[in-house]
Amino acid sequence: MTDAYLETVDLACERDWRLLFEHLHVSVKPKDMLQVSGPNGSGKTSLLRLLAGLMRPTTGDVLINGVSIHQQRNELTSNLLWLGHAAGIKGLLTAEENLMWLSALHHGASREQVWYALAAVGLAGFEDVPCHTLSAGQQRRVGLARLYLDAPALWILDEPFTALDKQAVTQLELHLAAHCNQGGMVVLTTHHPLQNAPSTFRELDLGQATL
Amino acid sequence: MNWTWFHKLGSPKWFYEISGRWLPWLSVSAVLLIVVGAVMGLAYAPPDYQQGNSFRIIYIHVPAAFLAQSTYISLAIAGVVGLVWKMKIADVAVQQAAPIGAWMTVIALVTGAVWGKPTWGAWWVWDARLTAMLILLFLYFGIIALGHAISNRESSAKACAILAIVGVVNIPIIKYSVDWWNTLHQPATFTITEKPAMPMEMWLPLLIMTIGFYCFFAAVLLMRMRLEVLRRESRTRWAQAEVARQIGRSA
Amino acid sequence: MSNVFTLMLLRETRLMFRRPAELVNPLVFFAIVIALFPLAVGPESQLLQTLSPGLLWVAALLAVLLSLDGLFRSDFEDGSLEQWVVSPHPLVVLVLAKVLAHWLYCGLALVMLSPLLALMLGMPLDRIPTLLLSLLLGTPVLSLLGAVGAALTVGLKRGGILLALLILPLYIPVLILGSGVIQAALQGLPTTGYLLWMASLTMLTVTLAPFAIAAGLRISVGE
């Protein structure tokens, strides 16, 4: 076996009678950054959801350290930070309440840590504002602030750069690269070409037939 | 114990082949049993001393009612198998058996109403058995509606399986509560089920009809499942070859 | 684990009280439906009293059903459900807390409103405790079974009528027992046995339904 942490074996995904991809072998090991790209409808989000254990593959399997994630859900869930299209932010709760709750679902975080994370994404002073009054970009930042908490090793991020301004994009890119350099793993989808990728950066194009 | 047959059963291709071999036998025995049972029941069984000839509807009513209930239970069993062992064929079975069960429930309700007219003097009486049957029909409607509403077929099969399991846990509770409701509101009425012992000429056709109905159910279910398996496996080579063969044969 | 349970309750409470109108809606619905019946069948007090157990139960059941349609919808749309599924905490615990919150702010509120409406329908005062007890035991079952349906239909665009179709047949036993107990009380029959039956039904549902809800949510999220 390889030294991969997360890998897929002969993965195929079918949605509504349409085959998105098949025979997919992907592996992610510590310090890796994997960008999944491809045209709309090529199954980028589906692949990410398969890796996060939210969906079950049509055939094949997703393994962590060689064992199927469906046999060791805890191994996956306690090491995973998943940010989907919608980040699980409640408009009626404040930024701080949202983050406290989302981190409580995992390892938990103190109030100071949450304030630090919010400051890190440029939301200092917005801690106790209900999120529905924030702009789309600011709401996105509330979700991304979780990356500045005491975060698990494996990050799976679906379109993290959406609605962010230029400066925030650069900052996030650097943060992702730093996470990889410290031994973390990032799998993400984005349409935007990364400027500050770590040396371990790889791209997986689902639009191409052979992988 | 050797479990390979169990896992083999989950393979659609294997299922398609084996069911193709069973299907003719099941269909022939269904037709034979139903014809023999109907002739015996309608022509040779003696009339009931109380109800005269109108009792003969039990030769349809009772097998349909049996089948309606056991189909629901088999839905739940197939649901458990599909959810626990991830067997695709079980998923197919859940969705394909539900409409047959619903039709059997309708037949049981209609024949019950027809029978009720001469017996009670009304088409519909809120009798415990009939009411429980009506609720069963609603449970079937729920499963069918849910199956049609969810477009992703794997999710829809799993969702139907869960609903069937929840429903089957409920069925004994529904039965108990409907019985209790009936006694609370109209104590001591004549119910269809409390009959004196039947002579052999009466119950033998009933037994034959019931077995015939089960064979009919199995045959129809297999046919529906085979069609659905072909549809689901339309990407694979064996399914394409099979469809080509079928078209070639009919042309 | 129990920590997450209380945090979930707290979160639901915050969400509930930041939109107080949603708290009141099921109660108003309950009251309006009850008011419809005297208008439909006539104000004759003997008839209303005989019908009152059934009316109260059917109206409470419909009020709970309507409030359930949105139970998981907003969590599904804003991605919260995904976060629960990928959390290391058992989904069953989260779900149980969520449904408990729903019952506290919908079911329990209906129970507390019911004596007033029962008196308006002419139910004698000494039968009110039985009414309260039957609703208290029955409404958790309504919330839990309804949540199973809500979990299965949350991914669908128009799930409302389908939810009713799935869930109403499952509500029949608790409706029969719940209204039957009050009816027995009105006729002066002993009710303890039936109340115990209801209690065991409630316990059974509390034990089993969360697993079905969690499984349903996983399917809806995985679609």
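Numbered from 1 within each chain, the chains take letters A, B, ... in sequence-line order.
Of the two parts of C:L152, the backbone and the side chain both hold a non-hydrogen atom closer than 4.5 Å to a non-hydrogen atom of chain B. Neither the backbone nor the side chain of C:T205 comes within contact range of chain B; no heavy atoms are under 4.5 Å apart. Only the side chain of C:L204 comes within contact range of chain B, with at least one heavy atom under 4.5 Å from a heavy atom of that chain. With a threshold of 4.5 angstrom between heavy atoms, C:L156 approaches chain B through side-chain atoms but not through N, CA, C or O. The contact between B:S151 and chain C is made by backbone and side chain atoms together, counting heavy-atom distances below 4.5 Å. Heavy-atom distances place no part of C:L168 under 4.5 Å from chain B, backbone and side chain included.
By the side-chain contact (heavy atoms from CB on, under 4.5 Å) test, B:S74 is found to be paired with B:T71, residues two or more places apart in sequence or in another chain being considered. With sequence neighbours left out, the ring pair (Phe, Tyr, Trp, His ring centres under 6.0 Å) criterion links B:W124 to B:W126.
Within residues 135-146 of chain B, the residues approaching chain C closer than 4.5 Å by heavy atoms are, in numerical order, B:I135, B:F138, B:L139, B:F141, B:G142, B:A145, B:L146. Below 4.5 Å, heavy atoms of chain C meet heavy atoms from B:V166, B:G167, B:V169, B:N170, B:I173, B:I174, B:Y176, B:S177, B:V178, all part of residues 164-179 of chain B.
In the displayed structure, B:F216 atom CZ is contacted under 6.0 Å by at most 12 heavy atoms of other residues, nucleotides or ligands. Within a 6.0 Å radius of CZ in B:F66, no more than 12 heavy atoms belonging to other residues, nucleotides or ligands are found. Within 6.0 Å of atom CH2 in C:W103, more than 12 heavy atoms from other residues, nucleotides or ligands are found, so the atom counts as buried in its surroundings. No more than 12 heavy atoms of other residues, nucleotides or ligands lie within 6.0 Å of CD1 in C:I161, so this atom counts as exposed by the packing criterion.
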Trace of the side-chain contact (heavy atoms from CB on, under 4.5 Å) decision for B:W180 with C:Y194: CA-CA 10 Å; B:W180 177 69; C:Y194 303 131; 2.8 Å; yes
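In terms of heavy atoms, C:G216 sits closest to B:I162 at N-CD1, 3.7 Å.
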